[in-house]
Amino acid sequence: MNNNSHGEEHQREKESLDSRFNQTLRNVQGLLKGRSIPGKVLLTRRPDPLDNSGLEERSPSYQRSFSQNDAGTIYDMDKSMERLRELAWSGVPPYMHPNIWRLLLGYAPPNSDRKEGVLRRKRLEYLNCVAQFYDIPDTQQSDDEINMLLQIAVDCPRTVPDVAFFQQAPVQKSLERILYTWAIRHPASGYVQGLNDLVTPFLVVFLSEYLEGSIDSWSISDISSENISNIEADCYWCLSKLLDGMQDRYTFAQQGIQRLVFKLKELVRRIDEPVSRHMEEQGLEFVQFAFRWFSCLLIREVRFNPTITCICLNILPFKFCLIDKLVLPSIFLVALLDLFICSFFCLIDPFHLVTHLWDTYLAEGDALPDFLVYMFASFLLTRSDKLQKLDFQELVMFLQHLPTHNRTYQELEMVLSRAYLWHSLFNSSPNHLAS
């Protein structure tokens, strides 16, 4: 009798979960079509179009014009974006990255009716800027502009030098156009080293809409010139959106970074006094290693050379499954896969962890500059024991050339989780950081 009751209860739970999953799938589809209220979902790439039959009958709220209920529509949109940020914070399925990143940065509007028109207009604006500022003879450029372009031309080949794709001449030319156009349109900062690194995650994500497989097999010649222009424009505008709230990091003397480095030093002193004391006794200044962290947002420290790496696949709600064509319908399957696929060998591209890290960055929105301080403190203190054993020279070498070849998804998630905890504890109560 008890067994039968237990079996019936389990069946009801399974059916309920399946129903919630299917509804969630429809909600996410709706979000990407300009509708609202995303749900948690566990997804992989599907080669066939998803069935939209359940979405044909829209609720009246979707059929109203904006002017009929402004307050309600704005509220629903804000709540939808807030929910989207919550879900994206823990990671976005790879094939959804382009659409989700455009939404999170405010580059693409949530309403699908406006999306194509907005993107077309912004891409045309970028092309006009390139024609106005880049595609002109040297005689029409000032000496400062020529020198800036030369510096960008020097830095582009240094961008991700261990990945062959970024050494292709057309790719470096695209980087050059993006960076130079951004620098000309932001004269308060102009071009500073480190901006070239910030473009690379956007470039990889937007290229993935046109190229499949490992980045090692990509060739820019497989993409039409029109699509290359669109990719460049998307990278330019997303870079602009990202830096809008922290441009003071890239102005003269980069005072914004100086302030953040000081906050990082104080936070580490408060959280891990032994490490702070040891670094001070060795004469190590935080600016010697953290300056690059803040200017490049840890891209160089998290990115690693392509290699077959053993990773643990923790399959939790909204954690997308890395197995192609698989949608997990029940907690039972989740538990089985979490148990038996605890060690899985797969080919990791060098930006796998970077894009996951940037999911969190973009989900933070305007709070990103503050969150970075806690993120970098967590990143530093994962090596607390080792740091206390190193002398000055060893500290400098270690922190400026952190080992990245064996970095795992789980290590990054631990860093992010601890950063979230510290941010929650300290950011709203700065007095807690006082001696």
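Values below: all heavy atoms of this structure, side chains included; hydrogens, waters and symmetry mates excluded. If you read the sequence from its start, that first residue is 1, and numbering goes on from there.
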Answer yes or no: is there a side-chain heavy-atom contact under 4.5 Å between [X] and [Y]?
X      : Y      : result
Leu399 : Leu284 : yes
Phe262 : Phe286 : no
Ile178 : Tyr126 : yes
Phe398 : Lys386 : yes
Leu198 : Leu195 : yes
Ile299 : Trp358 : yes
Phe371 : Asn427 : no
Cys129 : Ile184 : no

Side chain to side chain donor-acceptor pair (under 3.5 Å) involving Gln132 - partner list, sequence neighbours excluded: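 Scan of Gln132 (side chain to side chain donor-acceptor pair (under 3.5 Å), adjacent residues dropped) gives none.
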I'd like to know if the side chain of [X] reaches the main chain of [Y], judged simply by a donor and an acceptor atom lying under 3.5 Å from each other, with no hydrogens or angles considered.
X      : Y      : value
Gln167 : Ala164 : no
Gln141 : Asn147 : no
Ser224 : Asn227 : yes
His278 : Leu387 : yes
Ser90  : Leu87  : no
Thr181 : Arg177 : yes

Working to the nearest 0.5 Å, report the span between [atom1] of [X] and [atom2] of [Y].
X      : Y      : atom1 : atom2 : result
Leu416 : Phe379 : CG    : CZ    : 10.5 Å
Ile231 : Glu226 : CD1   : CD    : 11.0 Å
Arg300 : Ser295 : CZ    : OG    : 7.0 Å
Ile271 : Arg418 : CD1   : CZ    : 8.5 Å
Thr159 : Ile152 : OG1   : CD1   : 10.5 Å
Phe289 : Phe376 : CZ    : CZ    : 11.0 Å

For His186, check side chain to side chain contact (heavy atoms under 4.5 Å, CB included) against everything at least two apart and list the hits. Trp182, Ser189, Tyr236, Ser240, Gln247
Please confirm whether [X] and [Y] have ring centers closer than 6.0 angstrom.
X      : Y      : result
Phe351 : Phe166 : yes
Trp218 : Phe165 : yes
Phe294 : Phe291 : no
Phe206 : Trp101 : no

Of all heavy-atom pairs between [X] and [Y], which one has the smallest distance, and what is that distance?
X      : Y      : answer
Cys296 : Gly194 : SG-CA, 3.8 Å
Ala88  : Ile100 : CB-CG2, 4.5 Å
Pro110 : Leu103 : CA-CD2, 3.6 Å
Glu232 : Ser174 : OE2-OG, 2.8 Å
Met246 : Leu368 : CE-CD2, 4.0 Å

Should the pair [X]-[Y] be classified as a salt bridge under the 4.0 Å nitrogen-to-oxygen rule?
X      : Y      : result
Glu301 : Arg383 : no
Glu280 : Arg277 : no
Glu116 : Arg123 : no
Arg185 : Glu125 : yes
Lys263 : Glu266 : no

What I want to check is whether the side chains of [X] and [Y] have a donor and an acceptor closer together than 3.5 Å.
X      : Y      : value
Asn230 : Lys122 : no
Thr200 : Asp197 : no
Tyr134 : Glu176 : yes

Name of the residue among Phe426, Trp89, Tyr374 meeting ring-ring contact (aromatic ring centres under 6.0 Å, His included) with Tyr420: Trp89
Atom [atom1] of residue position [X] - does it have more than 12 heavy atoms of other residues, nucleotides or ligands inside 6.0 Å?
X      : atom1 : answer
Arg114 : CZ    : no
Gln140 : CD    : yes
Phe392 : CZ    : yes
Tyr210 : OH    : yes
Glu394 : CD    : yes
Asp366 : CG    : no

What pairs with Arg158 under salt bridge (charged side-chain N to carboxylate O under 4.0 Å, His left out), at least two apart in sequence or on another chain?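 Counting only residues at least two positions away or on another chain, Arg158 forms a salt bridge (charged side-chain N to carboxylate O under 4.0 Å, His left out) with Asp155.
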Applying side-chain contact (heavy atoms from CB on, under 4.5 Å) to Ile223 and Ile220, what does each step give before you reach the verdict? CA-CA 6 Å; Ile223 306 177; Ile220 197 70; 4.2 Å; yes
Aromatic ring pairing Tyr107/Trp237, orientation class (parallel under 30°, perpendicular over 60°, tilted between): parallel
